[in-house]
Amino acid sequence: MSSLDARIRADLEAKIRSGEWAPGDRIPTEHELMGVYGCARMTVHKAISALVAARLIERRKKAGSFVARPHVQTAVLEIPDIAALIAGRGETYAFELLARRVRSPASDEEAGFLATGEVLELDGLHVAQGRPFALEHRLISLAAAPQAAEVDFTVEAPGSWLLGHIPWTEARHRIAARSPGGVAARRLAIGPSAPCLQVERWTWKQSEPVTYVRQLFPGELYDLVAEFKPTPER
């Protein structure tokens, strides 16, 4: 990359990382940048392509180039604290509690979450930098976590509270690609057919159910990774 390519990339990247250009903002066109820097279109194109490869900018067909919304990446086998992940990348975080109720467990409880007593059912929205990040539906067994009945989850997200107060010994994940549909799409401010990542998680404490959660993330915001080694030959 030539020195001018590097300068253009550095200038644009600085505007993004400083927050001058926020996620979703449209950046100047290649033609406009050619005028600013007095260079050929190929020079601008290379600089922008490098930022696309770095996932700082995304191109939208017939619409232009926009500041990308940053990804969060976690290991598949971890139980992530979304609030800590968002704060760790320097963004503001909030949890909006949408619904809360205590009820008896159903005999055909969703997703096989079979609590032995009352269940606290919660629906909420994780918000990063003032924008929807994930939609959450959660069940908490009050037999395993009786304190949860008194917690103000408008102050602390349920997942963060559970990780800090209730030990767990076993967990299971299920990950799927899906579209959000009408209500979830409106909550997440995306189209009803937009690609999303759905993560379901069950946790237990010594075989006693603790919580079940279903989280729906817009596909461009969240990555799951796994690291593993081959099993040694016997």
Side-chain angles (χ1 to χ4, degrees), residues 69-89 91-103 105-106 109-115 118-142 144-145 147-166 168 171-192 194-204 209-224:
R69 300 178 71 179
H71 281 59
V72 164
Q73 179 173 290
T74 62
V76 174
L77 300 181
E78 291 180 350
I79 297 181
D81 183 344
I82 292 178
L85 291 171
I86 299 293
R89 66 186 194 189
E91 296 187 355
T92 59
Y93 170 81
F95 181 77
E96 296 181 4
L97 186 63
L98 303 174
R100 173 179 184 145
R101 65 170 176 148
V102 175
R103 61 172 174 79
E109 190 64 87
E110 62 182 292
F113 182 79
L114 302 175
E118 288 188 318
V119 170
L120 177 61
E121 184 174 13
L122 303 164
D123 289 284
L125 182 69
H126 297 271
V127 179
Q129 208 69 6
R131 301 185 181 198
F133 180 78
L135 195 61
E136 175 171 308
H137 173 72
R138 183 180 292 272
L139 305 176
I140 300 174
S141 168
L142 292 179
Q147 314 96 303
E150 307 301 325
V151 175
D152 183 356
F153 289 119
T154 64
V155 175
E156 184 175 16
S160 301
W161 182 85
L162 284 164
L163 286 171
H165 293 82
I166 307 298
W168 59 276
R172 182 171 80 234
H173 292 80
R174 183 165 64 195
I175 303 163
R178 55 157 291 190
S179 55
V183 174
R186 288 193 294 274
R187 294 287 190 191
L188 292 170
I190 57 178
C196 290
L197 182 70
Q198 178 175 282
V199 179
E200 293 177 280
R201 185 180 302 109
W202 298 255
T203 59
W204 294 267
V210 175
T211 187
Y212 162 78
V213 64
R214 182 177 66 245
Q215 295 166 332
L216 189 66
F217 301 85
E220 76 275 12
L221 297 186
Y222 196 69
D223 288 337
L224 288 165

Is any side-chain heavy atom of Pro158 less than 4.5 Å from a side-chain heavy atom of Arg100?
no
How long is the gap from CG on Leu216 to CD on Glu200, to the nearest 0.5 Å?
10.5 Å
From Phe95 CZ over to Thr154 OG1, what is the distance, rounded to the nearest 0.5 angstrom?
9.5 Å
4.5 Å side-chain heavy-atom contact, Phe217 and Ile82:
yes
Could you report the tightest heavy-atom contact between Ile86 and Thr92, atom names first, then the distance?
CG2-O, 3.5 Å
Geometric class of the His126/Tyr93 ring pair [parallel <30°, tilted 30-60°, perpendicular >60°]
tilted
Under 3.5 Å, sequence neighbours excluded: what are the donor-acceptor pairs made by side chains of residues 176-192?
| residue | atom | partner | partner atom | Å |
| --- | --- | --- | --- | --- |
| Arg178 | NH1 | Gln198 | OE1 | 2.9 |
| Arg178 | NH2 | Pro180 | O | 3.1 |

Hey, what do you get for OG1 (Thr211) to CG (Leu139), rounding to the nearest 0.5 Å?
7.0 Å
Assess the residue pair Arg101 and Asp123 against the criterion (side-chain contact (heavy atoms from CB on, under 4.5 Å)); give the C-alpha distance rounded to whole Å, side-chain angles, the decisive distance to 0.1 Å, and a yes or no.
CA-CA 9 Å; Arg101 65 170 176 148; Asp123 289 284; over 6 Å; no
Any idea how Tyr212 and His137 line up, ring-wise: parallel (<30°), tilted (30 to 60°), or perpendicular (>60°)?
perpendicular
Considering residues at least two apart in sequence or located in another chain, which fulfil the side chain to side chain contact (heavy atoms under 4.5 Å, CB included) criterion with Arg131?
Ala22, Pro23, Arg69
Report the residues that fulfil salt bridge (Lys or Arg N to Asp or Glu O under 4.0 Å) with Arg138, sequence neighbours left out, ordered by chain and then residue number.
Glu136
Kindly write out the residues that satisfy side chain to side chain contact (heavy atoms under 4.5 Å, CB included) with Ser160, not counting sequence neighbours, or none if the list is empty.
Asp81, Ala83, Glu156, Ala157
Nearest heavy atoms of Trp204 and Val210, plus distance in Å
C-CG2, 3.8 Å
Listed partners of Ala149 passing side chain to side chain contact (heavy atoms under 4.5 Å, CB included), at least two apart
Leu142
Does Leu120 reach the side chain of Phe153, with side-chain heavy atoms less than 4.5 Å apart?
yes
Using side chain to side chain contact (heavy atoms under 4.5 Å, CB included) as the criterion, list what pairs up with Gln147, not counting sequence neighbours.
Ala145, Trp161, Ile166
